[in-house]
Amino acid sequence: MIGIKPLGDRVVIKRVEAEEKTQGGLILASTAKEQPQVAEVMAVGPGTKDETMEVKTGDRVIFAKYAGTEVKYDGTVYTILKQNEILAIVE
């Protein structure tokens, strides 16, 4: 529990360093200008009548670089974004 409870279809994530090479052997270019970002889901809202939540706490996700709003809470920087701004779940 981080003390932030997202509303509706919002998700709280914490950025993690992207690996330079994925398990499948793909090399991630560190020089890519719009490089996707990897994060861990810290909290998930309840969803809305139109949006069922597909991510859960603990998932690692990829999201667009400028998605969401950064907030600093209790000395840690989190990003709050809508679930539809998440591009993929990393398995």
Side-chain angles (χ1 to χ4, degrees):
M1 188 94 165
I2 59 169
I4 300 174
K5 182 180 176 184
L7 302 176
D9 62 347
R10 290 180 178 82
V11 178
V12 178
I13 59 175
K14 182 179 174 187
R15 292 175 190 251
V16 295
E17 290 297 318
E19 298 171 359
E20 291 190 20
K21 189 172 184 180
T22 66
Q23 287 181 348
L26 291 174
I27 297 175
L28 302 175
S30 61
T31 58
K33 193 171 186 180
E34 296 297 319
Q35 178 176 331
Q37 303 293 303
V38 178
E40 181 179 350
V41 175
M42 304 305 290
V44 177
T48 66
K49 65 179 180 175
D50 298 323
E51 182 86 23
T52 302
M53 300 309 284
E54 297 179 56
V55 297
K56 62 186 181 307
T57 302
D59 282 348
R60 286 176 59 106
V61 296
I62 297 173
F63 64 101
K65 186 172 185 174
Y66 298 109
T69 301
E70 282 193 355
V71 294
K72 189 171 186 179
Y73 179 78
D74 208 18
T76 304
V77 177
Y78 299 99
T79 302
I80 300 175
L81 68 163
K82 289 190 171 227
Q83 178 177 253
N84 65 9
E85 295 178 292
I86 294 173
L87 305 174
I89 297 173
V90 178
E91 296 183 335

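Everything quoted here is computed from the prediction, not taken from an experiment.
Between the side chain of Q37 and the main chain of A67, no donor-acceptor pair closer than 3.5 Å is present.
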Run the side-chain contact (heavy atoms from CB on, under 4.5 Å) test on N84 and I86 for me, step by step, so that the C-alpha distance in whole Å, both residues' side-chain angles and the decisive distance to 0.1 Å come before the verdict.
CA-CA 5 Å; N84 65 9; I86 294 173; over 6 Å; no
Please test V61 against V38 for side-chain contact (heavy atoms from CB on, under 4.5 Å), starting from the C-alpha separation and ending with a verdict.
CA-CA 6 Å; V61 296; V38 178; over 6 Å; no
M53 vs V11, side-chain contact (heavy atoms from CB on, under 4.5 Å): CA-CA, chis, key distance, verdict
CA-CA 9 Å; M53 300 309 284; V11 178; 3.8 Å; yes
Run the numbers on V12 and V41 for side-chain contact (heavy atoms from CB on, under 4.5 Å), then give the verdict.
CA-CA 6 Å; V12 178; V41 175; over 6 Å; no
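Nearest heavy atoms, Y78 versus Y73: CE1-O, 3.8 Å. What you find for K14 and V77 is that their closest heavy atoms are CG-O, 4.1 Å. The nearest pair of heavy atoms linking D9 to T48 is N-CG2, 3.9 Å. In plain terms, the two heavy atoms of I2 and M42 that are nearest each other are CD1-CB, 3.8 Å. Taking every heavy atom of both residues into account, A39 and F63 meet most closely at CB-CE2, 3.6 Å. When all heavy atoms of A43 and P6 are compared, the closest pair comes out as CB-CD, 3.7 Å.
The CD1 atom of I13 sits 12.5 Å away from atom OG1 of T57, with the distance rounded to the nearest 0.5 Å. Distance NZ/K82 to CD/E51: 8.5 Å, rounded to 0.5 Å.
Under the 4.5 Å side-chain criterion, counting only non-hydrogen atoms from C-beta, T69 is not in contact with L81. The side-chain heavy atoms of V55 and I89, taken from C-beta on, include a pair separated by under 4.5 Å.
Salt-bridge check for R10 with E85: failed, with every basic side-chain N at 4.0 Å or more from each acidic carboxylate O.
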